[in-house]
Colleague: 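Encoded as structure tokens, here's the structure I'll be asking about.
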Amino acid sequence: MKPIYVLNGPNLNRLGKREPEIYAKATLADVERYCREAAGTYPLEFRQSNSEAEIIGWIHEAIDSAAGIVINPAAFTFTSLAILDALKMFEGPIIELHITNIHRREPHYHHSYISKIATAVIAGLGAEGYRTATASLLKLIK
Ligand code: DHK
């Protein structure tokens with residue numbers, strides 16, 4: 001069974017300590033647990049990187065070995081054509097996820113490059129959004 005990949009971008013390793021008034025208190029370990037609870041016995045790869053190149057490498061890996069992708073590209077959402085181009089090569093469903101509602105935030109968070117290729121976008125549900133995204137992706141791949 002090809003796993004689900006849950007990929008996280010820059011600064012998300014600081015969740016729990018990072019701007020708690022915006023991102024709340026859940027840590028990245030909590031978020032991983034939410035995904036694994038939603039996936040149940042379904043295989044799931046959970047990764048985080050502050051490196052654009054590393055995230056692109058994981059997307060290339062996913063092209064050959066993943067059934068679907070949940071991705072919170074964080075700040076790369078608004079800057080990375082390279083991540084968009086990499087995701088274009090992935091044939092399975094892609095759910096773009098943001099902890100916050102980016103459209104209610106500062107203007108530089110309003111234009112996502114990733115939404116152009118995403119099957120669906122979830123934003124503003126907090127860390128619980130990861131649980132929703134994983135469950136929704138499972139429905140899309142089954
Ligand atoms: C996370 C980030 O790091 C920001 O760059 C985005 C996103 C929002 C989030 O809501 O998960 O603006």
Side-chain angles (χ1 to χ4, degrees), residues 1-106 109-142:
M1 216 171 352
K2 285 187 170 186
I4 287 175
Y5 276 45
V6 180
L7 304 179
N8 296 279
N11 306 304
L12 293 172
N13 54 309
R14 301 293 301 174
L15 279 178
K17 297 188 188 79
R18 175 192 181 193
E19 300 174 280
E21 70 285 358
I22 296 174
Y23 298 101
K25 291 269 186 219
T27 65
L28 192 66
D30 294 328
V31 162
E32 178 171 359
R33 181 167 45 77
Y34 299 163
C35 295
R36 294 196 183 284
E37 285 168 0
T41 57
Y42 200 94
L44 183 143
E45 288 288 327
F46 187 94
R47 306 192 187 158
Q48 185 278 332
S49 178
N50 298 323
S51 154
E52 188 176 19
E54 188 165 35
I55 291 169
I56 291 166
W58 291 337
I59 295 169
H60 290 174
E61 185 189 308
I63 289 166
D64 303 319
S65 53
I69 297 173
V70 171
I71 185 165
N72 183 346
F76 291 148
T77 305
F78 319 101
T79 60
S80 185
L81 286 175
I83 289 177
L84 169 62
D85 287 347
L87 289 170
K88 281 180 184 168
M89 296 182 274
F90 182 73
E91 292 178 0
I94 298 164
I95 297 188
E96 174 188 349
L97 171 73
H98 303 286
I99 295 167
T100 63
N101 179 350
I102 56 176
H103 304 290
R104 275 175 59 177
R105 301 190 57 190
E106 303 91 315
Y109 291 137
H110 292 177
H111 174 263
S112 164
Y113 282 108
I114 309 306
S115 299
K116 303 211 174 325
I117 193 67
T119 311
V121 180
I122 295 175
L125 295 181
E128 277 296 322
Y130 280 88
R131 214 189 285 276
T132 308
T134 305
S136 305
L137 189 63
L138 268 178
K139 289 200 182 94
L140 288 173
I141 59 180
K142 281 192 176 156

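What's counted below: heavy atoms across the whole structure, side chains too, no hydrogens, waters or symmetry copies.
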Colleague: Would you confirm whether H98, through its side chain, and G124, through its main-chain N or O, come within 3.5 Å as a donor-acceptor pair?
Modeller: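 Absent.
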
Colleague: Tell me if the CD atom of E91 is crowded by more than 12 foreign heavy atoms within 6.0 Å.
Modeller: no

Colleague: Measuring from L97:CG to T77:OG1, what's the distance to the nearest 0.5 Å?
Modeller: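 One finds 9.5 Å between CG of L97 and OG1 of T77.
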
Colleague: Given 3.5 Å as the limit, does a donor-acceptor pair link the side chain of R18 with the main chain of Y23, or not?
Modeller: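 No, because the side chain of R18 does not come within donor-acceptor range (under 3.5 Å) of the backbone of Y23.
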
Colleague: Could you tabulate the donor-acceptor pairs under 3.5 Å formed by side-chain atoms of residues 135-142, not counting sequence neighbours?
Modeller:
from, atom 1, to, atom 2, distance (Å)
S136, OG, T132, O, 2.7

Colleague: Look up atom CG in N8 and atom CD in E32, then write down how far apart they are to the nearest 0.5 Å.
Modeller: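 Nearest 0.5 Å value for the CG-CD distance: 9.0 Å.
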
Colleague: Kindly say whether K2 contributes a backbone atom to a donor-acceptor pair with the side chain of Y42 at under 3.5 angstrom?
Modeller: yes

Colleague: For the CD atom of E61 and the CG atom of L7, what is their distance to the nearest 0.5 Å?
Modeller: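 Taking CD in E61 and CG in L7, the distance rounds to 9.0 Å.
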
Colleague: Once you round to the nearest 0.5 Å, how far does NZ of K17 lie from CG of N11?
Modeller: 13.0 Å

Colleague: So which atom in Y34 and which in R131 form the shortest heavy-atom distance, rounded to 0.1 Å?
Modeller: CD2-NH2, 3.1 Å

Colleague: Quick one, E45 and R47 - any side-chain contact, counting heavy atoms below 4.5 Å?
Modeller: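 A side-chain contact exists here, since the closest heavy-atom pair is under 4.5 Å.
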
Colleague: Please report the closest heavy-atom contact between I55 and G9, naming both atoms and the distance.
Modeller: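 Smallest heavy-atom distance, with atoms named: CD1-CA, 3.8 Å.
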
Colleague: Determine all donor-acceptor pairs shorter than 3.5 Å in which one atom belongs to a side chain in residues 116-123; sequence neighbours excluded.
Modeller:
from, atom 1, to, atom 2, distance (Å)
T119, OG1, I94, N, 2.9
T119, OG1, I94, O, 3.3

Colleague: Has R14 got more than 12 heavy atoms of other residues, nucleotides or ligands less than 6.0 Å from its CZ?
Modeller: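 Open: at most 12 neighbouring heavy atoms sit under 6.0 Å from CZ of R14.
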
Colleague: So does T27 get a backbone contact from the side chain of D30, meaning a donor-acceptor N/O pair under 3.5 Å?
Modeller: yes

Colleague: To check you understand the geometry: which heavy-atom pair defines the closest contact between L12 and Q48, and what is its length?
Modeller: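 Nearest pair, atom of L12 first, then Q48: N-NE2, 4.0 Å.
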
Colleague: When rounded to the nearest 0.5 angstrom, what distance separates CG in N72 from CD1 in I99?
Modeller: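 It comes to 5.5 Å.
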
Colleague: Apply side chain to side chain contact (heavy atoms under 4.5 Å, CB included) to the pair Y113 and F78, showing each step before the final yes or no.
Modeller: CA-CA 6 Å; Y113 282 108; F78 319 101; 5.7 Å; no

Colleague: Are E52 and I56 packed together at the side-chain level, in the sense that at least one heavy-atom pair is separated by less than 4.5 angstrom?
Modeller: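 Sidechains of I56 and E52: in contact.
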
Colleague: How long is the gap from CG on N50 to CZ on F76, to the nearest 0.5 Å?
Modeller: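 If we round to the nearest 0.5 Å, N50:CG and F76:CZ are 7.5 Å apart.
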
Colleague: For residues Y5 and I59, determine if any side-chain heavy atom of one lies less than 4.5 Å from a side-chain heavy atom of the other.
Modeller: no

Colleague: Nearest heavy-atom pair of P3 and S65: which atoms, and what distance?
Modeller: CD-O, 3.1 Å

Colleague: State, yes or no, whether a side-chain contact exists between R105 and T100 at a heavy-atom distance under 4.5 Å.
Modeller: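 SC-SC contact between R105 and T100 confirmed.
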
Colleague: Take L44 and C35 through the side chain to side chain contact (heavy atoms under 4.5 Å, CB included) test and state the conclusion after the steps.
Modeller: CA-CA 8 Å; L44 183 143; C35 295; 4.0 Å; yes

Colleague: I need the minimum non-hydrogen distance between I63 and A86, along with the two atoms involved.
Modeller: CD1-O, 4.1 Å

Colleague: Between I114 and S80, which heavy-atom pair has the shortest distance, and what is it?
Modeller: CD1-O, 4.4 Å

Colleague: Go through L81 and L84 one step at a time and tell me if the side chain to side chain contact (heavy atoms under 4.5 Å, CB included) criterion holds.
Modeller: CA-CA 5 Å; L81 286 175; L84 169 62; 4.1 Å; yes

